[in-house]
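Shown next, in structure tokens, is the structure this report addresses.
Chain letters run A, B, ... following the sequence lines, proteins first and then strands; every chain starts at 1. Note: hydrogens, waters and symmetry copies are ignored here, and every other heavy atom, side chains too, is used.
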Protein chains: 2
Amino acid sequence: MVRGKTVIEKIENTTSRQVTFSKRKGGLFKKARELGVLCDAQVGVLLFSNTGRLYDYSNSNTGYTTLYRSICLSIYLS
Amino acid sequence: MVRGKTVIEKIENTTSRQVTFSKRKGGLFKKARELGVLCDAQVGVLLFSNTGRLYDYSNSNTGYTTLYRSICLSIYLS
DNA sequence: CGCTCTATTTATAAGAG
DNA sequence: TCTCTTATAAATAGAGC
């Protein structure tokens with residue numbers, strides 16, 4: 001298992017790519033959640049797989065769109 | 001180092017919290033980049049620290065806003 | 001698909017400079 | 001605050017069901 005150093009390049013095998021996507025999506029969302037809790041930060045993650053599916057995570061109370069809007073406002077005001 | 005299992009709760013010490021934020025932000029962006037390459041996916045991450053600073057990552061050629069818009073369109077069309 | 005298992009790689013907390 | 005180190009915790013690739 002984990003036979004060698006992982007090379008970061010596109011996984012050509014479709015099944016492997018989808019499995020890896022699913023696993024790493026879970027890992028990324030978990031990391032995002034942890035960062036939000038540990039550091040009291042607002043976090044949003046968007047994923048758009050090459051099969052055309054959307055996945056997102058946000059720890060904002062009011063959801064991703066509100067988080068995005070608040071950030072745009074903050075940029076606008078800065 | 002890493003003296004025990006990390007408990008996921010707000011780090012009360014300000015200095016520690018900022019150091020952890022910086023470290024984990026780097027880790028999260030790295031994971032996001034890897035997922036994008038390995039799985040040929042579009043990825044966006046937004047972070048809003050409790051000091052009011054915005055950080056973001058996107059592997060979209062045309063930037064985060066375009067990625068966000070394309071996703072909204074995909075939701076609208078679905 | 002969506003789980004579990006586990007050897008191994010990877011991330012990282014704390015310390016040092 | 002940045003970089004490096006290093007022990008340890010955490011993620012995960014590949015396999016099996």
Side-chain angles (χ1 to χ4, degrees), chain A residues 1-61 63-64 67 70-71 74-75 77-78, chain B residues 1-60 64 67 70-71 73-78:
Chain A
M1 306 84 178
V2 188
R3 290 191 297 194
K5 182 173 178 176
T6 303
V7 179
I8 302 301
E9 59 187 20
K10 181 178 174 181
I11 298 168
E12 294 299 337
N13 181 279
T14 301
T15 302
S16 296
R17 189 171 62 246
Q18 289 177 346
V19 169
T20 294
F21 182 82
S22 177
K23 285 184 176 183
R24 282 181 174 256
K25 172 168 66 65
L28 191 68
F29 285 180
K30 183 178 179 183
K31 288 281 185 186
R33 181 179 56 78
E34 290 181 353
L35 180 58
V37 173
L38 287 167
C39 304
D40 193 29
Q42 283 188 285
V43 181
V45 181
L46 286 175
L47 295 177
F48 208 26
S49 75
N50 77 348
T51 60
R53 270 186 238 181
L54 170 70
Y55 303 89
D56 76 289
Y57 167 79
S58 173
N59 69 348
S60 174
N61 290 334
Y64 198 93
L67 173 59
S70 71
I71 287 168
S74 122
I75 294 169
L77 294 175
S78 66
Chain B
M1 304 87 178
V2 188
R3 291 189 298 192
K5 183 173 176 175
T6 304
V7 179
I8 302 301
E9 58 187 19
K10 180 177 175 180
I11 298 168
E12 295 300 336
N13 180 278
T14 302
T15 303
S16 297
R17 189 171 62 245
Q18 290 177 345
V19 169
T20 294
F21 182 82
S22 177
K23 286 183 176 182
R24 283 181 173 256
K25 173 169 65 66
L28 191 67
F29 284 1
K30 183 179 179 182
K31 288 281 186 187
R33 182 177 55 77
E34 291 181 352
L35 180 58
V37 174
L38 287 167
C39 304
D40 192 30
Q42 284 189 287
V43 181
V45 181
L46 285 175
L47 295 176
F48 208 24
S49 75
N50 78 348
T51 61
R53 271 187 238 181
L54 169 69
Y55 302 89
D56 76 290
Y57 167 80
S58 173
N59 70 349
S60 175
Y64 197 93
L67 173 60
S70 71
I71 287 167
L73 181 61
S74 129
I75 294 169
Y76 179 75
L77 295 174
S78 67

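Whole-Å rounding puts the A:K25 NZ to D:dA13 C1' distance at 17 Å. In this structure, CD1 of A:I8 is placed 14 Å from P of C:dT9, rounded to the nearest angstrom. Put simply, CG on A:L35 is 15 Å from P on C:dA11, counting in whole angstrom units. Atom CG in B:L28 sits roughly 14 Å away from atom C1' in D:dA11 (whole-Å rounding). Note: CZ (B:F21) to P (C:dA13) measures 13 Å, nearest angstrom. For the pair A:F29 CZ and D:dT12 P, the computed distance is 13 Å after rounding to whole Å.
Checking side-chain atoms of B:N59 against main-chain N and O of B:R33 turns up no donor-acceptor pair under 3.5 Å.
Minimum atom distance to the side chain of B:R24 is reached by C:dT12, of the listed C:dT12, D:dT12, C:dA11.
Every residue was checked against the salt bridge (charged side-chain N to carboxylate O under 4.0 Å, His left out) condition with A:K30, not counting sequence neighbours, and none meets it.
The side chain of A:K31 places no N or O atom within less than 4.0 Å of a non-bridging phosphate oxygen (OP1 or OP2) of D:dA10. Taking only side-chain nitrogens and oxygens, B:K30 comes nearer than 4.0 Å to OP1 or OP2 of C:dA11.
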Atom pairs and distances, donor-acceptor, side-chain atoms in residues 11-20 of chain B, under 3.5 Å, two or more places apart:
residue : atom : partner : partner atom : Å
B:N13   : OD1  : B:T15   : N            : 3.1
B:N13   : OD1  : B:S16   : N            : 2.8
B:N13   : OD1  : B:S16   : OG           : 3.2
B:R17   : NH1  : B:I11   : O            : 2.9
B:R17   : NH1  : B:E12   : O            : 3.4
B:T20   : OG1  : B:S16   : O            : 3.0

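The shortest heavy-atom contact between A:S49 and B:A41 is CA-CB, 4.0 Å. The two residues B:L38 and A:E9 have their closest heavy-atom pair at CD2-O, 3.4 Å. Across A:F21 and B:L35, no two heavy atoms sit closer than the pair CD1-CD1, 3.9 Å.
You'll find the side chain of A:L47 reaches within 4.5 Å of the side chain of A:F29, heavy atoms only.
Looking at residues 9-20 of chain A, you'll see A:T20 sit with a heavy atom under 4.0 Å from some atom of DNA chain D.
The residue among B:V7 and A:K23 whose nearest nucleotide of DNA chain D lies closer to the 5′ end is B:V7. Toward the 5' end of DNA chain C, the nearer of the two residues B:E34 and A:S22, judged by each one's closest nucleotide, is A:S22.
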